[in-house]
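Hydrogens, waters and symmetry mates are skipped; everything else that's a heavy atom, side chains included, is used. Atoms within each ligand, like the ligands themselves, are counted from 1 in listed order.
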Amino acid sequence: MNRIQLFPLTARVENNTLTIADHNLSALASEYGTPLYLYDRATMDTAAENYKFALKKNYPMSASITYAGKAFLNLAAAQWTQLHDLFVDCTGEGEIAMAVAGGVPRKHILVHGVNKSNLDLSAAIQYAGTIVVDNLTELLRIAEQYPATKYKLPDLWLRLLPGVAVQTHHAHTQTGQHDSKFGMTSAEMMEAAQFCKINHLPLNGIHFHQGSNFRDASPIKEAIDLALDLAKEIGLPDEWHFSPGGGWGVAYHEDELPQPDSNEYVRAIAENIIHGSTARGLTLPHLHLEPGRSLVARAGVALYKVGAIKQRGNKVWLLTDGGMTDNPRHAMYGAKYSCLAVSNPDGKEIKQVSIAGPYCESGDVVIEDLLMPNIEIGDLLAIPAAGAYHLSMSSNYNGSRKPAVLLLEKGQARLIQRRETIEDLMRRDVSL
Ligand code: LLP
């Protein structure tokens, strides 16, 4: 595929310059500084609407998209979810608070987490419509905690560990395999369901999530069958909910096939659920899909400035002002990224370069061995597919400040998160 196809839908090369939603990226970099994160509104909107359209087309019952907030969440992102009527998957009280501040209503807040604290649980009981129970001790704690609150207990779904993995880019992004820390075995699910029955807890759903950034939806069938067997055995109410998680993949590098169509993923899930439920005499569940990356990754672009260039043996290092603190994905998973120069992206004198950040860590590398035209000090580099799991996993290593974030629409660039200040870095500190 072509490198530009990794970028947001509105990305163009015009007059030898990369633009997004018609914006001059050099002007944005001068105004807001670098590293800078850009989100293209049109790409996010299209991804959300494509999912909704695919659900309408493939699934005859009610169905919803739940945005996995862990991919990228702040006030504006939370507000954006409600423009598309999305549910929001929140991990813990921090993400719940962001969702609430962004106006996400109770019925759209769904809470995940593998070891939810009592504070996570009380936030969930106060603000969420659904808690996805990860384990038996959590269930006991919910049952103990909620009578003392004045709130109605949210719906409870049980998280199944299906014991079936999907093919992902790294072992650390698999969650469905037998030895995973997530969810409950079938036996534990039965025990949890029994506990809910005895204690009159509002159990009405099943969830699993097999992993993140996969393109082959076939392992999902086995997990769906297992979940449907359990739904039957547990005896869920006729109006029940089923979430086979998220994880649909995106393209990070031109060596990969283009971002797969969400319709393909939705169809595979819908067909298996319709067929499996009918075969077992189950009513069709309300279907919930939980994409994060495939909604926002392609919308995001990281903009870095080259500050130094070094030739070391066969390697040419372009040293940039962004790196592992805003994008730890190469360091963590060996993720393979691509890049375009903002000016003269199709320039000559192509050579192989590697791109590393300014931090005191040899692993502070974003891209290894990529063919690029001649790059000079001061040039801007645009890294595509930067919208998911960059800023949400960012750190302040070396006292780095988290970058500013802009939401781009034609004719409008809105600052949706300012760059951290030095004061922000010391805000929690207490002097001796
Ligand atoms: N649902 C649950 C319960 C999840 O745990 C996740 C992701 C998702 C949905 C959304 O998955 P997505 O559609 O975004 O792939 N930091 C890693 C990814 C970790 C994903 C964790 N859970 C990465 O950068 O690749």
Side-chain angles (χ1 to χ4, degrees), residues 44 47-48 50-51 64-73 77 81 86-92 95 109-116 130-135 157-162 165-177 180-184 205-217 220 223 227 241-253 256 259-260 262 265-266 269 287-300 302 324 326-337 366 383 385-395:
M44 291 164 68
N50 282 349
Y51 262 114
S64 317
I65 296 295
T66 301
Y67 171 57
K70 52 183 81 68
F72 169 64
L73 195 61
T81 62
L86 307 182
F87 283 57
V88 181
D89 142 17
C90 299
T91 305
E95 288 188 357
I109 296 182
L110 179 143
V111 178
H112 273 297
V114 70
N115 180 20
K116 301 176 188 72
T130 306
I131 302 177
V132 183
V133 180
D134 177 82
N135 57 67
W157 302 354
L158 302 179
R159 178 165 180 164
L160 168 68
L161 173 62
V166 279
Q167 177 76 39
T168 67
H169 54 293
H170 194 279
H172 288 170
T173 55
Q174 293 183 335
T175 48
Q177 73 282 8
S180 158
K181 70 173 182 175
F182 296 96
M184 292 178 260
I206 293 190
H207 162 87
F208 65 75
H209 173 73
Q210 292 172 284
S212 198
N213 201 22
F214 64 88
R215 285 167 176 253
D216 173 12
I220 235 168
H241 299 261
F242 185 21
S243 163
W248 192 233
V250 303
Y252 286 94
H253 192 283
E256 300 172 48
Q259 175 162 344
S262 46
Y265 166 66
V266 175
I269 289 175
L287 173 58
H288 298 255
L289 301 181
E290 265 175 22
R293 187 189 319 260
S294 50
L295 283 174
V296 292
R298 187 175 173 189
M324 67 179 289
D326 61 275
N327 175 12
R329 297 193 68 260
H330 181 79
M332 286 180 76
Y333 317 115
K336 205 172 155 198
Y337 278 85
V366 176
I383 298 179
Y389 304 108
H390 282 211
L391 296 175
S392 58
M393 296 202 300
S394 60
S395 78

Report the C-alpha distance between H172 and M332 in whole Å, list the side-chain angles of each, state the deciding distance to 0.1 Å, and finish with yes or no for side-chain contact (heavy atoms from CB on, under 4.5 Å).
CA-CA 9 Å; H172 288 170; M332 286 180 76; 6.0 Å; no
Show, in sequence, the C-alpha distance, side-chain angles and deciding distance for W157 and L110, and conclude whether the side-chain contact (heavy atoms from CB on, under 4.5 Å) test is met.
CA-CA 10 Å; W157 302 354; L110 179 143; 3.5 Å; yes
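Of the possible donor and acceptor atoms, one in the side chain of N213 sits under 3.5 Å from a partner among the backbone N and O of V250. Using modelled atom types, one side-chain atom of S392 and one backbone atom of A71 make a donor-acceptor pair closer than 3.5 Å. Looking only at distances, a side-chain donor or acceptor of E256 sits under 3.5 Å from a matching main-chain atom of H253. In this structure a side-chain-to-backbone donor-acceptor pair under 3.5 Å is missing from H390 to N327. Checking side-chain atoms of N135 against main-chain N and O of V114 turns up a donor-acceptor pair under 3.5 Å. The closest donor-acceptor contact from the side chain of D326 to the backbone of L391 lies at 3.5 Å or more, if one exists at all. A side-chain donor-acceptor contact under 3.5 Å links Y67 to the backbone of F72.
Remark: ligand 1 and M393 share no N or O pair separated by less than 3.5 Å (distance only, no angle test). Below 3.5 Å of separation, one finds an N or O of R329 facing an N or O of ligand 1. Taking any N or O of Y389, backbone or side chain, at least one lies under 3.5 Å from an N or O belonging to ligand 1. In terms of polar-atom proximity, H207 is not counted as a contact of ligand 1, lacking any N or O under 3.5 Å from an N or O of the ligand.
Among all protein heavy atoms, the one lying closest to atom 21 (C) of ligand 1 is K70 CD, 3.7 Å. Nearest to atom 6 (C) of ligand 1 among the protein's heavy atoms is H209 NE2, 3.3 Å.
Only the side chain of Y333 comes within 4.0 Å of ligand 1, counting heavy atoms alone; its backbone N, CA, C and O stay farther away. Counting heavy atoms under 4.0 Å from ligand 1, residue R293 touches it through both backbone and side chain. Both the backbone and the side chain of S212 come within 4.0 Å of ligand 1, counting heavy atoms alone. Of all the heavy atoms of V132, none lies under 4.0 Å from any atom of ligand 1, so neither backbone nor side chain is involved. At a 4.0 Å heavy-atom cut-off, ligand 1 touches R159 through the side chain alone.
Ligand-side atoms of ligand 1 in range of P291: 13 (O), range being under 4.0 angstrom from any heavy atom. The contact set between ligand 1 and E290, taken as ligand atoms under 4.0 Å from a residue heavy atom, comprises 1 (N), 2 (C), 3 (C), 8 (C), 9 (C), 10 (C), 13 (O). For ligand 1, the atoms closer than 4.0 angstrom to any heavy atom of G292 are 12 (P), 13 (O), 14 (O).
The shell of residues lying under 4.0 angstrom from ligand 1, judged by heavy atoms, includes G247. Distances from ligand 1 to the non-hydrogen atoms of M332 include no value under 4.0 Å. Distances from ligand 1 to the non-hydrogen atoms of A388 include no value under 4.0 Å.
No side-chain donor-acceptor contact under 3.5 Å links S243 and H288.
Taking both residues in full, the closest heavy atoms of P244 and Y265 are given as O-OH, 4.5 Å, listed atom of the first, atom of the second, then distance.
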